[in-house]
Each structure stands twice: as C-alpha cells, then as structure tokens.
Amino acid sequence: MSAIRPVELATWGGSVGAGEQADATEALETGHVLFLPNLRFELSDAERAFLTPTIVGKSKNVSFDPRNGSLGGTTVTEMKLEELRGLLGRFALSTRALLSALLPSYAGGIHQAKTSLRPVEVAGRSQSWRKDDTRLHVDSFPSQPSKGKRILRVFSNVNPDGRARVWKVGEPFERVARQFWPKLRAPLPGERGLLAAVRVTKSVRSRYDHYMLKLHDAMKLDPQYQDRFASATQAFPAGSTWICFTDQVSHAAISGAHQLEQTFWVEVGALRNQGSAPLRVLEGLAGRRLA
Ligand code: SIN
Ligand code: FE
C-alpha cells in the first residue's frame with residue numbers, strides 16, 4: 001500500500017467537495033502523505049532572489065511567526081526584510097486557506113505555528129545525528145512540549161531549477177512504536193521538572209513528549225532500521241505541495257533545496273479518529289495516560 005495519496009486540488013483554498021474532504025482527512029489520519037502535484041506556490045522575480053543559502057547564515061532555515069510577524073535565522077536586513085516577511089506571510093495565509101478548504105473538520109482545534117523557508121541543500125549537510133533529518137524519524141520538538149497535540153505540516157517545493165525534494169517514507173506509526181517501545185526508557189524521577197526549571201523546555205515535558213523524543217532518537221540511532229527503508233524514496237517535484245502529520249509518518253528528507261514549510265498544531269479532540277494519534281498509540285503500549 002502506498003503511503004502517498006494524490007489530491008488534484010490546484011488552488012490555495014476554494015471549494016472542495018465533502019467526499020474529498022473526508023477522504024483527505026481519513027488519509028492523513030491513517031498516516032498517508034497528501035500529495036498535491038498541481039499546487040504550486042508562486043514567487044515573484046524579486047522573491048526568487050531569496051532562494052540562496054546565503055540568506056540563512058549559520059542556521060538551516062529562515063523562521064517566521066505568523067502571529068507577530070517576527071523573522072529569525074536570516075542575514076537579510078532593512079528593505080529586503082519586509083519583502084521576505086511578505087513572502088513567508090503569504091505562505092502562512094495560503095496554507096491556512098488550504099487547510100480550511102481541505103480539512104474543515106479541524107477548524108475548532110487547529111492552531112497555526114511557525115513558517116519556514118529552507119534554502120539549504122539537504123544532502124551532505126553536516127549535522128549531529130539528532131538533527132540529521134536524512135535519517136528516518138517522527139517529529140518531536142525538544143524544547144516545546146506538545147502534550148499530545150498533533151504536528152501537521154504543509155510543504156511546498158519552490159526549487160527554481162526544477163529539482164525535486166526527495167524523501168524516504170517508512171512504515172505506519174503503530175508498527176514503529178511497537179518495535180521501539182521496549183527500548184525506550186521511562187523518565188527519571190524529577191527529570192521533566194528539572195528540564196523546565198533550567199528552561200531546556202518551555203513548559204514541563206509530558207510523558208508523551210518524553211517518549212516521542214526517545215522514539216525520534218532511537219529511530220535515528222538504529223542503522224538496521226535506517227537500512228530497511230533505503231529504497232523507499234519519494235520525489236516531490238518542484239512546483240508541488242504535500243501535507244502530513246510528521247509526528248506519525250516516519251520520514252526523512254534526503255535531497256533537495258528551496259522549500260517552504262508551515263507547521264500547525266492539531267488537538268487530539270479534533271481528529272476524526274482519536275485512536276490514530278501517537279498519544280493514544282503510546283498510551284496503549286504504556287498502559288497509562290501520558291499527557
Ligand atoms: C523533516 O521534517 O524531517 C524535514 C523535511 C524537509 O525539510 O523536507
Ligand atoms: Fe522531520
């Protein structure tokens with residue numbers, strides 16, 4: 001069974017039939033990647049000038065907060081900063097319109113988080129193993145506990161030379177979780193409170209966040225697991241868009257440069273099938289509540 005589900009939509013928003021909305025929601029929650037081959041995010045000639053690794057200096061990405069317009073991780077200054085803010089702001093609005101059209105049942109429980117521009121080539125980037133996203137993993141944020149909320153991301157390949165972004169997509173979450181669960185150590189007494197006290201985390205890390213981080217690390221550190229999916233590649237062409245729950249879909253980005261990304265949080269209560277949430281799957285394995 002393919003993990004990729006094509007969606008024909010070619011506009012950022014607009015009207016989508018109820019059947020298509022239900023299919024898209026169901027596909028996402030069963031761990032598929034929604035692939036929109038015809039949904040291109042257009043850039044102006046002036047904006048294309050931002051598609052160079054020189055705009056990020058030492059960081060990987062330019063980050064943008066749609067709630068207050070702040071930009072981080074860029075060397076761009078003055079006039080150009082407004083233009084860059086305009087580009088990321090437009091992507092933030094477009095992805096919001098897209099999700100309202102395609103996934104309207106999430107409306108009461110979805111929150112827009114950060115937007116990013118990723119102008120650096122993924123292949124051959126030198127990185128610690130933990131930050132190395134060319135290794136299969138599920139997403140979990142070390143400093144920002146989710147407390148069970150889902151991580152839903154929209155990606156758009158804006159490569160100006162027509163190059164694809166190539167991912168690997170692994171197996172369903174339940175299978176990954178079941179395999180690694182016996183190797184994930186429990187939190188130590190006082191550990192999660194201490195991390196918050198010394199501000200490693202922005203709030204107290206839930207048991208759920210603890211286990212998701214351990215799972216992320218265990219996957220990246222297991223060479224046999226990585227080798228099993230060496231050929232499970234998926235190319236997302238320039239001018240295409242894709243959407244998935246990155247806390248659920250085992251994924252790796254192995255090559256490509258110039259991508260826009262928007263993160264959303266989705267509350268477990270807003271899902272059609274709450275049992276598909278990593279929170280519920282891990283709670284099943286732990287035999288207790290984790291958040
Ligand atoms: C990731 O979330 O692992 C990276 C995805 C990408 O940048 O294509
Ligand atoms: Fe990731």
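Whatever order the structure lists ligands and atoms in, that order sets their numbers, starting from 1.
Considering only heavy atoms from C-beta on, L152 comes within 4.5 Å of L103 through its side chain. In this structure, the side chains of V138 and D247 stay at 4.5 Å or more apart for every pair of heavy atoms.
Contacts with ligand 1 closer than 4.0 Å are made by side-chain heavy atoms of H137 only, the backbone lying farther away. Contacts with ligand 1 closer than 4.0 Å are made by side-chain heavy atoms of D139 only, the backbone lying farther away.
Among all non-hydrogen protein atoms, the one lying nearest atom 2 (O) of ligand 1 is H251 NE2, 3.2 Å. Among protein heavy atoms, atom 8 (O) of ligand 1 sits closest to R165 NE, 2.6 Å. Protein heavy atom nearest atom 7 (O) of ligand 1, with residue, atom name and distance: R118 NH1, 2.7 Å.
Heavy-atom contacts from other residues, nucleotides or ligands closer than 6.0 Å to CZ of R289 number 12 or fewer.
At a cut-off of 2.8 Å, D139 is counted among the residues with an N, O or S atom near the Fe ion (ligand 2).
Here the rule is side chain to side chain contact (heavy atoms under 4.5 Å, CB included) with I151, and of F264, F245, F141 only F141 fits it.
A chain of hydrophobic side-chain contacts below 4.5 Å, direct or via other Ile, Leu, Val, Met, Phe, Trp or Tyr residues, connects L43 to I55.
Within the 6.0 Å centre-distance limit, the rings of F41 and F91 are counted as a close aromatic pair.
Per-residue contacts place Q259 under 4.0 angstrom from the following atoms of ligand 1 (heavy atoms of the residue considered): 6 (C), 7 (O), 8 (O).
Ligand 1 has no nitrogen or oxygen under 3.5 angstrom from a nitrogen or oxygen of W242.
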